[in-house]
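Inspection log for the structure reproduced underneath, given as structure tokens.
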Amino acid sequence: TGAYGGSGIVVVRYAISDLTGTAKATGGEISFYNGKTIHTFRASGSFVSPAPFSETVDYVVVGGGGGGGSQGGGGGAGQLLSGTSPVSGPATISVTVGVGGRGAHERTNPGAQGDDTSVAFPAGTVTAAGGGAGGCRFSGAGSGGSGGGGNGSYADGAPSPGTGQNPGGNGSMGPVESSGGGGGAGAAGGNGSSDVGGNGGDGDAVPATFQNPLVSYGGAPGWKLAGGGGGSVSTSGSGTGGTGGAGGGGAANVTYNGHGSPGMENTGGGGGGAPYQKRGGNGGAGVVLIAYPT
């Protein structure tokens, strides 16, 4: 039986900055919510403030998610950092958005760690670490912002020292091997059990300043970013794959021809794990949010 065709799509484009308010600075995508101007950086660029600008800005900085493993665990989420920093103009502030790590292409090598995301504020650079890679059948999970999920034969990945994030889950050796989910910014990755992959750890909610009802981060309610990827099982076509953590984590795959789902772009979500000889999902790129009074 032939498969159904894919559904259609409608894309509408407009200038967000034309809706309301006047931005005091330039850079990224500009929107307005609850008396604040918000600059969203989905790619590297510059936040440029003119001479009259003098504000204490709120920020969220998220590293790129780690790649998922092959016959292995979910990728760890990128580190999520939030806080405030004084900015006085004129100033050109460099913003570097880290890309997600590549998913593993074979079970002998792990995926790649996500890249760091950074903002060079005048008061000091804020750097969010990329997420750790998911472990594979013959290699351990990686450390990072949050750790990658471990395979049944290897331990989970730990968060890098000083990140304050969460580890990946451990796998299980039997009777059917499984792998753990990647850690998220808000919770550790779940452990695998026989023929069941561990779920990715949930991400963490952005501060109230950025909780615009018109914006959904990570494809789930709660304005969450940086969810971990789900862990897979050893054999294609059987068992249950782990779900991706809320906040952009990619789900694992267990089908014969399926690969791990990627982490959602610009969430720092980890990639999902894949079964025997299949590819792990790539991690999602990070993101930077900067806000100040309109």
* **From CA spacing to verdict: side-chain contact (heavy atoms from CB on, under 4.5 Å), Ser232, Ser179** => CA-CA 6 Å; Ser232 190; Ser179 300; 5.6 Å; no
* If we ignore angles and hydrogens, is there a donor and acceptor under 3.5 Å between the side chains of Thr37 and Thr294? -> yes
* Out of curiosity, Ser85 OG to Ile93 CD1, how far, rounded to the nearest 0.5 Å? -> 7.0 Å
* **Asp116 and Ser118 side chains, donor-acceptor separation under 3.5 Å** => no
* Taking C-beta and beyond as the side chain, do Arg42 and Glu265 meet within less than 4.5 Å on heavy atoms? -> no
* Structure fact -> Taken to the nearest 0.5 Å, the spacing of Tyr33 OH from Thr209 OG1 works out to 9.0 Å
* Asked: Do the ring planes of Phe47 and Tyr292 sit parallel (below 30°), tilted (30 to 60°) or perpendicular (above 60°)?
  -> perpendicular
* Answer whether the closest heavy-atom distance between the side chains of Lys278 and Asn253 falls below 4.5 Å. => no
* With side chains defined as the heavy atoms from C-beta onward, is the minimum distance between Val57 and His39 less than 4.5 Å? -> no
* Would you indicate whether the side-chain heavy atoms of Phe41 and Ile290 approach each other to under 4.5 Å? => yes
* To do: Could you check Val97, Asn266, Thr117 and say which one makes a side chain to side chain contact (heavy atoms under 4.5 Å, CB included) with Val287?
  => Asn266
* To do: Taking the side chain as every heavy atom from C-beta outward, state whether Ser82 and Asp58 have any pair of such atoms under 4.5 Å apart.
  => no
* Going by heavy atoms in the side chains, are Met264 and Tyr217 under 4.5 Å from each other? -> no
* Less than 4.5 Å apart, any side-chain heavy atom of Ser31 and any of Ile38? -> yes
* **Note, Pro167 side chain near Pro159 side chain (heavy atom, < 4.5 Å)** => yes
